[in-house]
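No experiment lies behind these values; they were computed from the predicted model shown. The first residue of the sequence shown is numbered 1, and numbering continues consecutively from there.
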Amino acid sequence: MLFQVGGQGTRPTFFEMVAAQQLPASLRAALTYSVGVLALRRPFLHRVLDYEDEFFAFLMLVLETHSLRTTDASFSESLYGLRRRAVKVKVQKEDARLSPGEEFHHSGLEKRQKVLSVVFLVVLPYFKSKLHAIYNREREARLQATLWGDSGERYDDADIVDRGDGSGVSRGSFDAEASVRTRLAKKIQKLIGACYPWVHASSEGFSFAYQMLYLLDATGFYSLGLHVLGIQVCRATGQELMDTSSRISKTRSRERERLRGPPWLKAVQGALLSGTYTVLDYAQTGLIAAVFFFKMMEWWYQSAEERMSAPTIYPPPPPPPSPQVAKEGIPLPSNRTLCPLCSQKRANPSVITVSGFVFCYACVFKYVTQYKRCPVTLMPANVDQIRRLFHDV
């Protein structure tokens with residue numbers, strides 16, 4: 001089968017891998033939005049937004065480390081029931097009839113692979129985010145320099161006046177060091193601005209190539225990072241989930257047995273460990289459920305506020321009654337295309353706004369100028385209330 005869209009076998013589908021890959025970015029966007037809304041009422045939360053990359057990297061470091069330590073999967077992969085397995089190639093020369101699926105043997109992750117997985121999942125995305133921010137600042141500065149010129153050049157070489165007490169010399173050396181650091185920082189930013197687009201394009205190109213190969217079932221590695229680490233992502237079986245649960249229970253029991261000190265200190269440490277384990281175990285569903293609940297409550301209160309602040313919509317008023325033809329007025333012809341004044345087909349049709357009847361422009365202009373009224377309804381009118389009508393052909 002060319003495309004795997006079902007849920008059979010241990011190999012995850014392409015859509016499962018995409019969902020697991022995009023979950024951290026979606027979670028970060030939701031958390032940033034939630035903190036931004038809460039910061040409107042609690043201004044101290046703006047500090048969290050100022051260090052958004054650092055706070056999110058620390059959060060993901062804790063979650064990814066705990067998830068890899070307990071389930072051999074990343075934070076998002078464990079949510080979808082996936083596990084990471086080390087790939088070891090079997091060399092069996094005597095049996096040349098092995099199918100391609102039998103050439104690899106999956107085993108648990110080594111400690112080195114777990115550490116490098118944390119690097120690929122947390123550290124590299126953090127540095128990429130910082131490099132992207134530096135590149136954006138450099139691009140904006142370059143654009144501003146092309147429009148307004150480089151305003152920082154005239155501050156690079158400042159003249160220091162010697163006051164005779166040595167303060168000018170010390171200040172001059174301090175400014176010289178600051179100027180050197182500033183130039184070095186600018187050179188680094190320019191280097192990042194020149195190299196980052198190529199690095200980013202290469203990274204995205206490799207990611208796209210591996211995803212296409214995985215979709216076409218040409219490779220078992222979803223990304224270049226997994227290929228470098230020698231790790232494939234597989235579905236967790238029921239037996240693996242049971243083994244993982246029992247292994248976690250044994251590990252935590254051993255950690256409680258290592259506690260030392262008087263009984264009350266052991267009780268406090270045990271309570272802290274239990275609380276930490278509970279928070280980490282329910283962090284996956286808890287974070288997603290909290291963000292979903294927050295968005296739902298925001299939508300609920302926003303909808304209620306909109307309903308309360310929305311103006312009352314009244315039905316449109318009925319149209320005014322049509323003007324009545326006066327007894328002493330000029331009667332209307334049976335053919336509505338004729339002018340009531342000259343009984344000819346209307347030329348340059350014009351309407352009197354006070355009554356709405358249409359006449360020839362020349363006819364109605366002469367009549368209104370002379371009698372100051374509508375010829376049909378005898379309502380008072382003047383030449384300023386005559387409007388020309390134009391028909392689209």
Shortest non-hydrogen contact from [X] to [Y]?
X	Y	result
Gly36	Leu49	CA-CD1, 3.9 Å
Pro340	Pro331	CB-O, 4.1 Å
Ala19	Tyr80	CB-OH, 3.4 Å
Ala381	Cys374	CB-N, 4.3 Å
Ser67	Phe75	OG-N, 3.7 Å
Val233	Pro12	O-CD, 3.1 Å

Close side-chain approach of [X] to [Y], heavy-atom, < 4.5 Å:
X	Y	result
Ser76	Met60	no
Pro375	Leu341	yes
Ile188	Ile134	no
Ile352	Phe357	no
Arg83	Thr71	yes
Tyr135	Pro197	yes
Arg85	Gln232	no

Evaluation steps, side chain to side chain contact (heavy atoms under 4.5 Å, CB included), between Val368 and Arg373: CA-CA 6 Å; Val368 172; Arg373 64 185 183 184; over 6 Å; no
Cation-pi check, Arg346 onto Phe359 ring (under 6.0 Å, within 45° of axis): no
Give a yes/no verdict on a cation-pi contact between Arg11 and Tyr214, requiring under 6.0 Å between NZ or CZ and the six-membered ring centre and an angle within 45° of the axis. yes
Less than 6.0 Å separating the ring centroids of Tyr371 and Tyr367? yes
Determine, for [X] against [Y], whether the closest basic-nitrogen to carboxylate-oxygen distance falls under 4.0 angstrom.
X	Y	value
Arg84	Glu77	yes
Arg235	Glu16	yes
Lys130	Glu54	yes

Tell me whether the rings of Tyr196 and His200 are parallel (<30°), tilted (30 to 60°) or perpendicular (>60°). parallel
Using the ring of each side chain (for Trp, its six-membered ring), is His227 parallel, tilted or perpendicular to Tyr210, with breaks at 30° and 60°? perpendicular
Arg336 CZ: over 12 foreign heavy atoms closer than 6.0 Å: no
Testing the 3.5 Å rule here: is there a donor-acceptor pair between the side chains of [X] and [Y]?
X	Y	result
Gln21	Tyr222	yes
Thr377	Gln324	no
Gln113	Ser117	no

Are Ile386 and Val351 connected, step by step, through hydrophobic side chains (Ile, Leu, Val, Met, Phe, Trp, Tyr) whose heavy atoms are closer than 4.5 Å? no
Please tell me whether Leu79 and Phe14 are part of a single hydrophobic cluster in this structure, the criterion being side-chain heavy atoms less than 4.5 Å apart. yes
Short side-chain to backbone donor-acceptor contact, Ser203 and Val199, under 3.5 Å: no
How long is the straight-line distance from CE of Met212 back to OG1 of Thr219, given to the nearest 0.5 Å? 13.5 Å
